[in-house]
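Notes to accompany the following structure.
Only this structure's heavy atoms are used, side chains among them; waters, hydrogens and symmetry mates stay out. The structure presented is a predicted model; accordingly, all values stated were derived computationally and were not measured. Count residues from 1 along the sequence.
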Amino acid sequence: MDGKRWLPLEANPDVMNQFLCQLGLRPSWQFGDVYGLDPELLSMVPKPVCAVLLLFPVTEKYESFRLKEEGRIKEEGQEVSSDVYFMKQTIGNACGTIGLIHAVANNQASLEFEADSQLKKFLLESSKLSPEEKAVFLEKDEHMRVTHESSAQEGQSETPSIDDKVDLHFISFVNVGGQLCELDGRKPFPIVHGKTSEDTFLEDAAKMCKVFMARDPLELHFTVIALSKA
């Protein structure tokens, strides 16, 4: 991360829906809380689901795992669809907005946008850029920054300082061409976690969320949010 920092976005589906609505996404799909990862609680999530966001604590265990995973994939390689929209994170605390961009960008065929949508314009103009160039594109987009700031302030009962140390991080899981992809702007590339389908996507993403939780069993700060058809 360079010196740029934004206020952290709260893990609150209402704030996220409002943020995307301000950017011109129609509310035909909505973010909602996932209250648990066992089959009974997953069955309560409205279907279909096209993206899952996970907020988790960045701990020493996780960082150690992340570096090992990166090394393994660089050595072994992986097949990633060229259709995946992936951007790096260069702005501190912007992981919430980047998580939302990843969720929306990889589901544009299902989602509906207003005719003058700033988000649709952003996605069209950045789609052919490299992950690093997309990050720079976001840094320069004043409309996205201002909308993020107002949403971040709206969601907090007590507005956090821009310099607050935030050890929680958002990532997205999406289905691109039948692949379960983990998109994390702190990583150099998407991570493919095997096959998935529209019918099994929520359960497949939930399994990956459980893997994150099992890595840090004493941590309580995990939040799972699904983007569902309204």
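M213 places a side-chain heavy atom less than 4.5 Å from the side chain of L37. Side-chain contact between N107 and V174 is present, with at least one heavy-atom pair separated by less than 4.5 Å. Using a 4.5 Å heavy-atom threshold, the side chains of L9 and L100 count as touching. Side chains of T223 and L54 form no contact here, defined as non-hydrogen atoms less than 4.5 Å apart. Between Q22 and S151, the closest side-chain pair of non-hydrogen atoms falls below 4.5 Å. In this structure the side chain of F31 reaches within 4.5 angstrom of the side chain of L20, judged on heavy atoms. Side-chain atoms of R5 and I91, non-hydrogen and from C-beta on, never get closer than 4.5 Å to each other. Side-chain contact between V52 and L202 is present, with heavy atoms from C-beta onward closer than 4.5 Å.
Atom CZ of F113 and atom CD of Q118 lie 12.5 Å apart (nearest 0.5 Å). Interatomic distance, L129 CG to M87 CE, rounded to the nearest 0.5 Å: 9.0 Å. The distance from the CG atom of L123 to the CG atom of N106 is 9.5 Å, given to the nearest 0.5 Å. Of the inter-residue distances, the one linking L180 atom CG with E203 atom CD reads 11.5 Å to the nearest 0.5 angstrom. For the atom pair CG (D33) and CG (L41), the distance works out to 12.0 Å, reported to the nearest 0.5 Å. A distance of 9.5 Å separates CZ of F222 from SG of C209, quoted to the nearest 0.5 Å.
Checked by atom type, the side-chain pair N175/T196 shows no donor-acceptor distance below 3.5 Å. For the residue pair K120 / Q108, a side-chain donor-acceptor distance below 3.5 Å is found, with atom types taken as modelled.
Aromatic ring pairs are classed by plane angle as parallel below 30°, tilted from 30° to 60° and perpendicular above 60°; the pair W6 and H148 is tilted. In this pair, F122 and F137 present their aromatic rings tilted. The plane angle is within the 30 to 60° band. Ring pair F56/H169 is perpendicular by interplanar angle, where above 60° counts as perpendicular and below 30° as parallel.
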| query | Which is it for S228 and V45 under the side chain to side chain contact (heavy atoms under 4.5 Å, CB included) test, yes or no, and what are the steps along the way? | reply | CA-CA 8 Å; S228 301; V45 177; 3.8 Å; yes

| request: Take K187 and E70, measure what side chain to side chain contact (heavy atoms under 4.5 Å, CB included) needs, and give me the verdict at the end. | output: CA-CA 8 Å; K187 294 185 177 180; E70 188 181 314; 5.7 Å; no

| message | Between I98 and C95, does the side chain to side chain contact (heavy atoms under 4.5 Å, CB included) criterion hold? Intermediate values first, please. | response | CA-CA 5 Å; I98 288 169; C95 59; 5.5 Å; no

| Can M16 and L227 be said to form a side chain to side chain contact (heavy atoms under 4.5 Å, CB included), step by step? | CA-CA 10 Å; M16 293 175 171; L227 181 54; over 6 Å; no

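Salt-bridge check for K121 with E125: passed, with a basic side-chain N closer than 4.0 Å to an acidic carboxylate O. The pair R145-E139 does not meet the salt-bridge criterion, since no charged nitrogen lies less than 4.0 angstrom from a carboxylate oxygen. Note on E63 versus R66: salt bridge recorded, some NZ/NE/NH1/NH2 to OD/OE distance being below 4.0 Å.
Looking only at distances, a side-chain donor or acceptor of Q78 sits under 3.5 Å from a matching main-chain atom of V192. Within the 3.5 Å criterion, the main-chain N or O of A94 finds no donor-acceptor partner in the side chain of T97.
Sparse packing is recorded around NE2 of H221, with 12 or fewer heavy atoms of other residues, nucleotides or ligands lying under 6.0 Å away. Atom CG of L67 has more than 12 neighbouring heavy atoms from other residues, nucleotides or ligands inside a 6.0 Å radius. Taking a 6.0 Å sphere around CD of E219, one finds it holds more than 12 heavy atoms contributed by other residues, nucleotides or ligands.
Residues satisfying the salt bridge (Lys or Arg N to Asp or Glu O under 4.0 Å) test with K47, not counting sequence neighbours, are none. Qualifying salt bridge (Lys or Arg N to Asp or Glu O under 4.0 Å) partners for E114, counting only residues two or more places apart in sequence or in other chains: R26.
Taking the ring axis of Y62 as reference, the NZ or CZ atom of R215 does not stay both within 45° of it and closer than 6.0 Å to the ring centre.
Other residues sharing a hydrophobic cluster with I73 under the 4.5 Å side-chain heavy-atom criterion for ILVMFWY residues are F189, I191.
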